[in-house]
Amino acid sequence: MSSITVTLPDGSQQSHPAGISPLAIARSISPRLADDAVVAQVNGELRDLTRPLTENTELRILTSKDPQSLEVYRHSTAHLLAAAVLELFPETKLGIGPPIENGFYYDFDRPEPFTPEDLERIEKKMWEIQARDLPYERVWTKKDEGLSKYKDAWMKCELIQERAGDEFSEYTLGPQFIDFCRGPHVPSTKRIKAFKLLSVAGAYWKGDEKRKQLQRIYGTAWFSQKDLDGYLKMLEEAKKRDHRKLGQELELYMIDELAGPGLIFFLPKGATVRRVLEDWMRDAYVERGYDLVFTPHVARLDLWKTSGHANFYGENMFKPMELDDAEYQLKPMNCPGHILIYRSKPRSYRDLPVRLGELGTVYRYERSGTMHGLLRVRGFTQDDAHIFCTPEQIENEVVSCLEFARDVLHTFGFDKYEAELSTWDGGVSGKYDGAPELWALAEKSLRQATERLGWNARIMPDEAAFYGPKIDVKLVDAIGRKWQLSTVQFDFTLPRRFGLEFTGDDNRKHQPLMVHRALFGSVERFFGILTEHYAGAFPVWLAPVQATLLPISDRHAPFARQVLQELKAAGLRATIDERSEKVNMKIREAQLAKVPFMLVVGDKEVESGSVSVRNRRHGDQGAQPVSQFIAGAMKLITERTPFE
RNA sequence: GCCGAUGUAGCUCAGAUGGUAGAGCGCGUCCUUGGUAAGGACGAGGUCACCGGUUCAAUCCCGGUCAUCGGCUCCA
């Protein structure tokens, strides 16, 4: 028998008989490693631990510590799910079952819907199969043979036709189950220790809404029960922070059926937060050299024909309305309005850059079933600005936009964020608009801008908008979820469509470059993200009520009212709770309302002219003079401390 | 728009084989004046999402509509 040389990650080399499995090698290194092993990396490629090695190889044994092995593990759990479904519902046809972030899913075609009870049964069945300790066995099959074997499984046939070579691999799980699959998988079902089925949902075959709708079962899987519990706990925490729940509990906003879905009413408390946010943002615009404008909410449809939106964005717009003898359109975007302002007078290169900003409310038609609290609505306000400048100015402009975005993120205590640079395909498909020189210039300035900031932007090839490349900033919130936020986008199309120009120092007409940028994205959406990020406990500078006075008994009310006036005079948003309730009750309610400061006032305080401060996070802080409390609170407000 | 689930008091939820409903919290009145997360009593409050159908009778069964939730598609 011939032998092969196996090189391990530490550089050491071993000689083994050809045909030995990585699992056997792992066992020879240490039984513990063999137990922990999930998958092998053979010459850089992930492979089953049990698949024999036939040539000299560089071998790495991946354990639960390697992130790639979790994907394999989840993929294997998806197979376990499919096997369980087929045992319980043999008539079911299998679609695909990949690993996803935090778990896996599998798509099934079956006339009857899966019920929550079915899910429980399936999960039980999965544990049953798990206990059988079935190996995931790789089988090598010829294409034509395979096609006849799968003739009843239409989706698998389609996949084999598309993806398989002359021969392809399949994985079995016990005598019945076999699945067209590239693998690799964990060695056996015993390896799968912690999973849970979460939900069933409709999903189109291949994500195409014209194709058949399947039933997708979602699950989560982890190497240990502890990890699974941790994840389930995170889901619970996310549920507690859900802005729709907090929005109602804290009276921030509402949606009323009578008005329609996706249309937001800000209640007084939410409106206060929003007002502070917007005022802050508008001031920041002015400080950074933007000119603020206002544009109308409706305009002749002709404007939208000129911009091209009526044509390529029409699906997403509210229907035009008849008025006099013209059609008018509710605006889905702010750009055309800003463009009209730009071209309302001749511009010289000396005027550039022109930065026009607006908190502009737009209305877009979202299909029913897509609305989601504040995150996906039909009417929303963009903190929108358009920058018109020369090619020489563009890089600095992009840098200032990104700096602005970064400062915004820091203000709200988002310390982790990532940038994505979406580029075009080089023009091969013809689906992008604009000259290659423009694309080159724009992509270069975007890239250099991120480099100047020391950002490590991920390049997303072929992800640009058709009208220009862009940078998207994604933030990571307090419990680790990612949200798309700021965006800086080039637009080569609109300046041309509207014939924008400026006079250069050569006394000739030139077309300005146009950048579209939004930092919050949508104020409503950002408000929702903030609500979840802070779990409803807005920082003092944003809190709808910053301090509430809690007189212990009626005789303390006059002093409390006097303090209230002092707080208000200092500019604090303060209230008083004069009900004849016990102070425990008043504290409980203020605490649940997440008021940052509860100021208890009793005999001692009246006598000494002080307040006893209770902080919503840190509890009783003891008595302090009113002036001292005001100074402390004002400091938090002017510094916009994100977490007091 | 599509698949599935849900819709009962301001909120969170019970409820009956079909005979027009109940709790807790909240709200109102009164009592209580209490020092860091729920003091007590009484009371008001519902066309059981909406529109049809079946039935002697529908909140319950059937059909449709609307909305919400979990997803898909799309997206700020």
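What's counted below: heavy atoms across the whole structure, side chains too, no hydrogens, waters or symmetry copies. We name chains A, B, ... by the order of the sequence lines, and we start the count at 1 in each one.
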Which residue in the set Val600(A), Asp620(A), Leu599(A) passes side chain to side chain contact (heavy atoms under 4.5 Å, CB included) when paired with Val613(A)? Leu599(A)
Pick the [atom1] atom in [N] and in [M], then give their distance to the nearest Å.
N	M	atom1	answer
U8(B)	A16(B)	C1'	13 Å
U47(B)	G22(B)	P	15 Å
U29(B)	G45(B)	C1'	15 Å
A44(B)	G39(B)	P	24 Å
U6(B)	G10(B)	P	23 Å
C2(B)	C60(B)	P	24 Å
C61(B)	G7(B)	P	10 Å
C42(B)	G24(B)	P	11 Å

Base partner of [N], which must satisfy Watson-Crick or wobble distances under 3.5 Å:
N	value
U17(B)	none
C60(B)	none
C30(B)	G40(B)
G45(B)	none
G24(B)	C11(B)
U55(B)	none
U68(B)	A5(B)
U73(B)	none

Of Ser368(A) and Arg364(A), whose nearest nucleotide on RNA chain B comes first from the 5' end?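 Looking at the nearest nucleotide for each, Ser368(A) comes out on the 5' side.
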Could you say whether Met598(A) or Ser553(A) is positioned toward the 5' end of RNA chain B, judged by the nucleotide with the nearest heavy atom to each?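 Checking each residue's closest nucleotide, the 5'-ward one belongs to Ser553(A).
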Reckon [X] touches a base, only the sugar-phosphate, or nothing at all at heavy-atom distances under 4.0 Å?
X	result
Arg367(A)	base
Tyr365(A)	sugar-phosphate
Lys586(A)	nothing
Ala203(A)	sugar-phosphate
Asp603(A)	base
Glu315(A)	nothing
Ser612(A)	base
Gly369(A)	base
Tyr218(A)	sugar-phosphate
Leu592(A)	base
Val600(A)	base
Asn584(A)	sugar-phosphate
Glu251(A)	nothing
Val362(A)	nothing

Can you find a side-chain donor-acceptor pair between Asp472(A) and Thr487(A) that sits under 3.5 Å?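 The criterion, which ignores hydrogens and geometry beyond distance, is satisfied for Thr487(A) and Asp472(A).
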Between [Y] and [X], is the closest basic N to carboxylate O distance under 4.0 Å?
X	Y	result
Lys470(A)	Glu420(A)	no
Glu237(A)	Lys240(A)	yes
Glu162(A)	Lys206(A)	yes
Glu278(A)	Arg282(A)	yes

Run Glu418(A) and Trp455(A) through side-chain hydrogen bond (donor to acceptor under 3.5 Å, both in side chains) and show every step you take. CA-CA 8 Å; Glu418(A) 28 191 81; Trp455(A) 288 8; over 6 Å; no
Taking all non-hydrogen atoms of both residues into account, name the closest pair between His516(A) and Cys335(A) and its distance.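 So the minimum-distance heavy-atom pair works out to ND1-SG, 4.2 Å.
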Check Pro336(A) against Trp304(A) and note the closest heavy-atom contact, atom names and distance.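 That would be CG-CZ3, 3.4 Å.
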Tyr106(A) ring centre to Arg216(A) NZ or CZ under 6.0 Å, with the angle to the axis within 45°?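 No - Arg216(A) does not lie over the ring of Tyr106(A) by the 6.0 Å and 45° rule.
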Extract, from 5' to 3' on RNA chain B, the first and final nucleotides lying under 4.0 angstrom from some heavy atom of chain A.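 So the outermost contacting nucleotides come out as G1(B) to A76(B).
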